[in-house]
Amino acid sequence: MTREEITAIVKNEGHSLTFTTYSNAFSKEIVNRIYIPIIDWGTGEHEQDLDKLVTDYVTDCINSFIRLDKTKFIDKLKDEVFKLFNRYIEATSYSQVPDNLIEKHGNTKANRLFFNGATKDSVYSTCNFHEVYYTQDSGPKLRFSILTKLDWEMEHGLTLFFENSELVNIE
């Protein structure tokens with residue numbers, strides 16, 4: 001996408017410019033958000049100049065996201081999400097897991113059954129890749145993050161951090 005194409009489709013939501021793009025890596029339309037910084041903390045005034053918000057750097061980051069090649073990160077992502085899932089289900093008592101399931105199988109196994117967590121593929125299939133965030137960083141690495149909603153971590157979800165199209169961290 002070009003800067004002009006992006007500026008033509010963004011909607012200003014006050015704290016971010018938003019638009020949607022289709023992601024081949026995640027096989028779905030995903031909301032994209034470009035952070036709008038506050039330029040005067042005293043008044044709370046946000047930057048309004050699209051040329052200062054949709055920069056060449058942000059445009060390059062957006063295109064980096066659009067061109068993501070799933071084959072370069074999918075195995076690492078599935079492994080890491082499965083590790084996190086296993087930690088969460090062991091440490092968490094979920095109110096939505098039926099008591100009779102917990103009584104029959106114990107907390108961890110009941111959580112695994114309830115959240116379809118038998119394999120790393122089944123856990124990955126429950127991930128809802130929801131939004132991509134961009135900031136007006138100066139580079140040189142093209143950075144963006146992807147917010148992921150999960151039934152087994154509803155409060156925070158997971159955030160995937162990418163640099164130069166490489167998955168570098170999950171929180």
Side-chain angles (χ1 to χ4, degrees), residues 1-88 92 120-121 123-171:
M1 296 182 80
T2 65
R3 282 179 75 174
E4 294 76 21
E5 290 171 325
I6 296 165
T7 57
I9 62 171
V10 295
K11 296 176 189 153
N12 187 328
E13 293 187 350
H15 63 286
S16 65
L17 299 175
T18 63
F19 63 100
T20 58
T21 56
Y22 185 81
S23 168
N24 287 325
F26 299 104
S27 303
K28 66 181 285 188
E29 286 278 329
I30 295 183
V31 174
N32 289 245
R33 293 188 184 278
I34 301 169
Y35 174 70
I36 300 177
I38 294 175
I39 56 174
D40 185 334
W41 284 96
T43 64
E45 179 185 0
H46 286 82
E47 180 63 66
Q48 297 299 311
D49 185 345
L50 284 180
D51 288 334
K52 291 181 180 176
L53 296 170
V54 183
T55 62
D56 287 339
Y57 174 80
V58 168
T59 301
D60 289 343
C61 290
I62 292 167
N63 285 312
S64 179
F65 166 70
I66 291 170
R67 290 188 303 265
L68 269 181
D69 180 355
K70 183 193 294 192
T71 64
K72 294 183 179 179
F73 66 86
I74 192 67
D75 291 333
K76 178 180 179 180
L77 178 57
K78 285 181 180 182
D79 288 344
E80 292 301 315
V81 169
F82 193 57
K83 284 180 199 174
L84 289 170
F85 172 78
N86 285 321
R87 285 187 204 134
Y88 278 74
T92 307
K120 65 182 178 181
D121 288 326
V123 171
Y124 177 81
S125 74
T126 67
C127 295
N128 178 8
F129 303 101
H130 184 63
E131 295 178 340
V132 183
Y133 288 91
Y134 310 97
T135 62
Q136 287 74 28
D137 196 344
S138 59
K141 295 181 179 179
L142 301 178
R143 294 186 174 111
F144 57 88
S145 56
I146 301 172
L147 176 63
T148 308
K149 291 184 175 183
L150 305 159
D151 291 340
W152 47 272
E153 179 41 88
M154 291 173 63
E155 188 173 334
H156 303 106
L158 295 178
T159 303
L160 315 177
F161 294 91
F162 285 82
E163 291 181 353
N164 295 337
S165 300
E166 182 181 331
L167 179 64
V168 294
N169 195 21
I170 300 174
E171 291 181 0

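The analysis underlying the following values was restricted to heavy atoms, covering all of them including side chains, and did not include hydrogens, waters or symmetry mates. Heads up: numbering here begins at 1 and tracks the sequence.
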Engineer: Do Val81 and Cys127 have side chains that get closer than 4.5 Å, going by heavy atoms?
Structural biologist: yes

Engineer: Counting only heavy atoms not in Lys76 (residues, nucleotides, ligands), do more than 12 fall under 6.0 Å from its NZ?
Structural biologist: yes

Engineer: At what distance, to the nearest 0.5 angstrom, does CG of Asn169 lie from CG of Leu158?
Structural biologist: 10.5 Å

Engineer: Looking at every non-hydrogen atom in both residues, tell me the closest pair between His130 and Ile30 and how far apart they are.
Structural biologist: O-CG2, 3.5 Å

Engineer: Any side-chain to backbone donor/acceptor pair from Thr7 onto Glu4? Under 3.5 Å, distance only.
Structural biologist: yes

Engineer: Measure the spacing between CD of Glu153 and OH of Tyr88 and express it to the nearest 0.5 Å.
Structural biologist: 4.0 Å

Engineer: Please test Phe161 against Phe144 for ring pair (Phe, Tyr, Trp, His ring centres under 6.0 Å), starting from the C-alpha separation and ending with a verdict.
Structural biologist: CA-CA 6 Å; Phe161 294 91; Phe144 57 88; over 10 Å; no

Engineer: Give the minimum heavy-atom separation between Asn164 and Ser64, together with the two atoms involved.
Structural biologist: C-OG, 4.3 Å

Engineer: So does Lys28 have more than 12 non-hydrogen atoms from other groups sitting under 6.0 Å from NZ?
Structural biologist: yes

Engineer: Out of Thr159, Leu160, Ile146, Thr148, which one pairs with Ile170 under the side chain to side chain contact (heavy atoms under 4.5 Å, CB included) rule?
Structural biologist: Leu160

Engineer: Do Tyr57 side-chain atoms and Lys141 backbone N/O form a donor-acceptor pair below 3.5 Å?
Structural biologist: yes

Engineer: Taking only residues two or more places apart in sequence, or in another chain, which ones meet Tyr124 in a ring-ring contact (aromatic ring centres under 6.0 Å, His included)?
Structural biologist: Phe129

Engineer: Is there a donor-acceptor pair closer than 3.5 Å between any side-chain N or O of Glu166 and the backbone N or O of Glu163?
Structural biologist: no

Engineer: Let me confirm one number: the OH-CG distance from Tyr134 to Asp60, rounded to the nearest 0.5 Å.
Structural biologist: 11.5 Å

Engineer: Please identify each residue that fulfils salt bridge (charged side-chain N to carboxylate O under 4.0 Å, His left out) with Glu13, with sequence neighbours left out.
Structural biologist: Arg33

Engineer: Determine, step by step, whether Asp79 and Lys120 satisfy the side-chain contact (heavy atoms from CB on, under 4.5 Å) criterion, reporting the C-alpha distance in whole Å, the side-chain angles of both residues, the deciding distance to 0.1 Å, and the verdict.
Structural biologist: CA-CA 7 Å; Asp79 288 344; Lys120 65 182 178 181; 2.7 Å; yes

Engineer: If you compare all heavy atoms of Met1 against all heavy atoms of Phe19, which two are closest, and at what distance to 0.1 Å?
Structural biologist: SD-CE1, 4.2 Å

Engineer: Using a 6.0 Å cut-off, check whether atom NZ of Lys72 has over 12 heavy atoms from anything other than its own residue.
Structural biologist: no

Engineer: Give the minimum heavy-atom separation between Ser23 and Phe65, together with the two atoms involved.
Structural biologist: CB-CZ, 3.7 Å

Engineer: Quick check for you: to the nearest 0.5 Å, what is the distance between His15 atom NE2 and Tyr35 atom OH?
Structural biologist: 10.0 Å

Engineer: Give a yes-or-no answer on whether the side chains of Asp69 and Thr71 include a donor-acceptor pair shorter than 3.5 Å.
Structural biologist: yes

Engineer: Please check this pair: side chain of Asn12 against backbone of Gly14, looking for a donor-acceptor N/O pair closer than 3.5 Å.
Structural biologist: yes

Engineer: Below 4.5 Å, heavy atoms only, C-beta onward: do Ile6 and Thr59 meet side chain to side chain?
Structural biologist: yes

Engineer: Is a side-chain N or O of Arg3 found less than 3.5 angstrom from the main chain of Asp51, in a donor-acceptor match?
Structural biologist: yes

Engineer: Could you go through Asn24 and Ile66, starting from their C-alpha distance and side-chain angles, then the distance that decides it, and tell me whether this counts as side-chain contact (heavy atoms from CB on, under 4.5 Å)?
Structural biologist: CA-CA 7 Å; Asn24 287 325; Ile66 291 170; over 6 Å; no

Engineer: Can you confirm whether Tyr133 sits close enough to Ser16 that some side-chain heavy atom of one is under 4.5 Å from a side-chain heavy atom of the other?
Structural biologist: no

Engineer: Out of Val54, Ile36, Val58, which one pairs with Gln136 under the side chain to side chain contact (heavy atoms under 4.5 Å, CB included) rule?
Structural biologist: Val58

Engineer: Among Ile34, Leu147, Ile62, Asn32, which residue meets the side chain to side chain contact (heavy atoms under 4.5 Å, CB included) test with Val132?
Structural biologist: Asn32

Engineer: Can you see which heavy atom on His46 is nearest to which on Ile38, and at what distance?
Structural biologist: NE2-CG1, 3.4 Å

Engineer: Can you tell me how far the NZ atom of Lys149 sits from the OG1 atom of Thr126, to the nearest 0.5 Å?
Structural biologist: 14.0 Å

Engineer: Minimum heavy-atom separation for Phe26 to Leu77, with atom names?
Structural biologist: CE2-CD2, 4.5 Å

Engineer: First locate atom OG of Ser125, then atom NZ of Lys78, and finally report the distance between them rounded to the nearest 0.5 Å.
Structural biologist: 9.0 Å

